[in-house]
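This report concerns only the one structure given below.
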2 protein chains.
Amino acid sequence: MDLSAVDYKALADFRHAIRSFLAFSEGKASEMGLTPQQHQALLAIRASQNGEATIGYVAERLLLKPHSASELVARLESISLLKRKPSEVDGRQYNLTLSAKAERILRELSATHREELRRLRPMLSEVLKQL
Amino acid sequence: MDLSAVDYKALADFRHAIRSFLAFSEGKASEMGLTPQQHQALLAIRASQNGEATIGYVAERLLLKPHSASELVARLESISLLKRKPSEVDGRQYNLTLSAKAERILRELSATHREELRRLRPMLSEVLKQL
DNA sequence: GCCATTATATCGTATTACGATATTTATCAA
DNA sequence: TTGATAAATATCGTAATACGATATAATGGC
């Protein structure tokens, strides 16, 4: 306990940094016709080990309820950014794979995001150090 | 350009870390009867230099449109967490000050958030280093 | 004093995650 | 094997909230 003005400022600055990053991200995703959630779902799937992504996995990584992830995936499938294939080991599950178009979009988004994070990194480190 | 599996994983992990922090934060704020936005508005105001916070300032720090900040502040005032006093230098502005209750709530929230960020710090540093 | 700008407010709308609930498949105990 | 429970995904109505469009009032440059 016992918080100083510096602590409040660091916490507020950290929030501002996160919001900046998310605003940047939302803008970039939007340019590619994606919502932030759609972008992050694609990223989570892409970053998973070869084709082992399921709807439940998306829910887990995005901290959503499974049925919310189900809706999100349905929207992505409806705009042809991913395909759901019934799992061969568990009839309840679907394996998710990105379409070529989604791969392309995500590659571009990831490149700009990596740059932006590199740009924000010093500021983030500094703020975290304050705590 | 040219992204590796490591890059995608780092980006995905960074998202997951942010989401974890925000989920933690939302839970704590909720325990105190606040929405995340209300919590962050209080924090931004508290962290500002003595009483110089205005609605526009909240908008700026939370990256909201001014009229959205206006709504947010109105909700906070309606539950007695802050007071709006007409600015003495500019008749269009309001100066915002936290109520004693808000001060108490924010102090507790800030303490737990500082702890959580200290806990997440190593992970965040590690992920940022990967990029 | 006029006009553009700034600060704040109001209202209707769109988005989206959720709760409640349902369906299908898997698992495990007896 | 059967039966019960749990897990994975889906559907639908709802609530929350930031936004766009628009408005009002105050400021400041000229």
Side-chain angles (χ1 to χ4, degrees), chain A residues 15 18-20 22-23 25-27 29-30 33-42 44-45 48 51-79 81-97, chain B residues 15 18-20 22-23 25-27 29-30 33-42 44-45 48 51-79 81-97:
Chain A
R15 293 292 186 154
I18 290 184
R19 282 178 176 274
S20 297
L22 295 178
S25 181
E26 177 166 1
S30 171
L34 297 180
T35 66
Q37 296 292 69
Q38 290 172 345
H39 169 209
Q40 286 172 71
L42 296 182
I45 294 166
S48 73
E52 69 173 18
T54 61
I55 290 176
Y57 176 79
V58 170
E60 189 186 312
R61 295 295 292 177
L62 267 60
L63 300 178
L64 297 175
K65 304 294 178 193
H67 72 273
S68 298
S70 169
E71 296 173 317
L72 179 54
V73 164
R75 274 174 255 146
L76 281 167
E77 191 179 30
S78 75
I79 54 177
L81 290 180
L82 61 76
K83 279 176 215 137
R84 297 180 317 168
K85 298 180 191 171
S87 163
E88 291 176 3
V89 289
D90 187 330
R92 297 168 301 178
Q93 294 187 132
Y94 286 99
N95 290 116
L96 309 176
T97 55
Chain B
R15 293 293 184 152
I18 288 184
R19 282 178 176 273
S20 298
L22 295 178
S25 180
E26 178 166 2
S30 171
L34 297 180
T35 66
Q37 296 291 67
Q38 290 171 345
H39 169 209
Q40 285 172 71
L42 295 181
I45 294 166
S48 73
E52 69 171 18
T54 62
I55 290 175
Y57 177 79
V58 170
E60 188 186 313
R61 295 296 289 177
L62 268 63
L63 299 179
L64 297 175
K65 303 296 178 192
H67 73 274
S68 297
S70 170
E71 295 173 317
L72 179 53
V73 164
R75 273 174 257 147
L76 282 166
E77 192 180 29
S78 75
I79 54 177
L81 290 180
L82 61 76
K83 279 175 214 135
R84 297 182 315 169
K85 297 179 190 172
S87 163
E88 291 175 1
V89 289
D90 187 328
R92 296 167 301 180
Q93 293 188 133
Y94 286 100
N95 290 116
L96 310 175
T97 56

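Every chain is numbered from 1, with letters handed out A, B, ... down the list of sequences. Everything quoted here is computed from the prediction, not taken from an experiment.
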- Nearest-nucleotide wise, let me know which of S68(A) and G91(A) is further upstream toward the 5' end of DNA chain C. S68(A)
- Query: NA contact type, E71(A), heavy-atom cut-off 4.0 Å: base, sugar-phosphate, or nothing?
  - Reply: base
- Shortest non-hydrogen pair, A41(B) vs L72(B), comes out as CB-CD2, 3.9 Å
- Query: More than 12 heavy atoms of other residues, nucleotides or ligands under 6.0 Å from CD of E77(B): is that the case?
  - Reply: yes
- Message: For the residue pair Q40(A) / R19(B), report whether a side-chain donor-acceptor contact shorter than 3.5 Å exists.
- Response: yes
- Query: Just wondering, more than 12 heavy atoms not from E26(A) lying within 6.0 Å of its CD?
  - Reply: no
For residues 54-66 of chain A, which side-chain N or O atoms pair as donor and acceptor with protein atoms under 3.5 Å away, sequence neighbours left out?
unit_1	atom_1	unit_2	atom_2	d
T54(A)	OG1	G56(A)	N	3.4
T54(A)	OG1	Y57(A)	N	3.1
R61(A)	NH2	D13(B)	OD1	2.7

- Nearest-nucleotide wise, let me know which of D90(A) and T54(B) is further upstream toward the 5' end of DNA chain C. T54(B)
- Note on the structure: Atom CZ of R61(B) and atom C1' of dA18(D) are separated, to the nearest Å, by 20 Å
- Message: Rounded to whole Å, how long is the line connecting atom CD1 of I55(B) with atom P of dA25(D)?
- Response: 16 Å
- Task: Run the numbers on L81(A) and L34(A) for side chain to side chain contact (heavy atoms under 4.5 Å, CB included), then give the verdict.
- Result: CA-CA 10 Å; L81(A) 290 180; L34(A) 297 180; 3.3 Å; yes
- Whole-Å distance separating the CZ atom of R19(A) from the C1' atom of dA18(D): 11 Å
- At their closest point, which heavy atom of E88(A) faces which heavy atom of N95(A), and how far apart are they? N-OD1, 4.5 Å
- Item | Spacing between H39(B) atom NE2 and dT17(D) atom P, to the nearest angstrom | 15 Å
- Task: Using five base pairs at each end, measure the axis-to-axis angle across the helix from dG1(C)-dC30(D) to dA30(C)-dT1(D) and round it to 10 degrees.
- Result: 40°
- Task: Please determine if a side-chain N or O atom of R75(B) lies less than 4.0 Å away from the OP1 or OP2 oxygen of dA18(D).
- Result: yes
- Short side-chain N/O contact to dA26(D) OP1/OP2 from Q93(B), under 4.0 Å: no
- Message: Determine whether R15(A) and H39(B) satisfy the following criterion, side chain to side chain contact (heavy atoms under 4.5 Å, CB included), listing intermediate values before the conclusion.
- Response: CA-CA 11 Å; R15(A) 293 292 186 154; H39(B) 169 209; 3.6 Å; yes
- Find the distance H67(B):NE2 to dT24(D):C1' and express it as a whole number of Å. 15 Å
- Value for CG (L82(B)) from CG (L96(B)), rounded to nearest 0.5 Å, stands at 6.0 Å
- Task: On DNA chain C, reading 5' to 3', which nucleotide is the first and which the last to sit with an atom under 4.0 Å from a heavy atom of chain B, could you check?
- Result: dT6(C) to dC11(C)
- Can you find an N or O donor on one side and an acceptor on the other, under 3.5 Å apart, linking the side chain of R92(B) with the base of dA25(D)? no
- Query: Nearest-Å distance, CG (L76(A)) to C1' (dT9(D))?
  - Reply: 16 Å
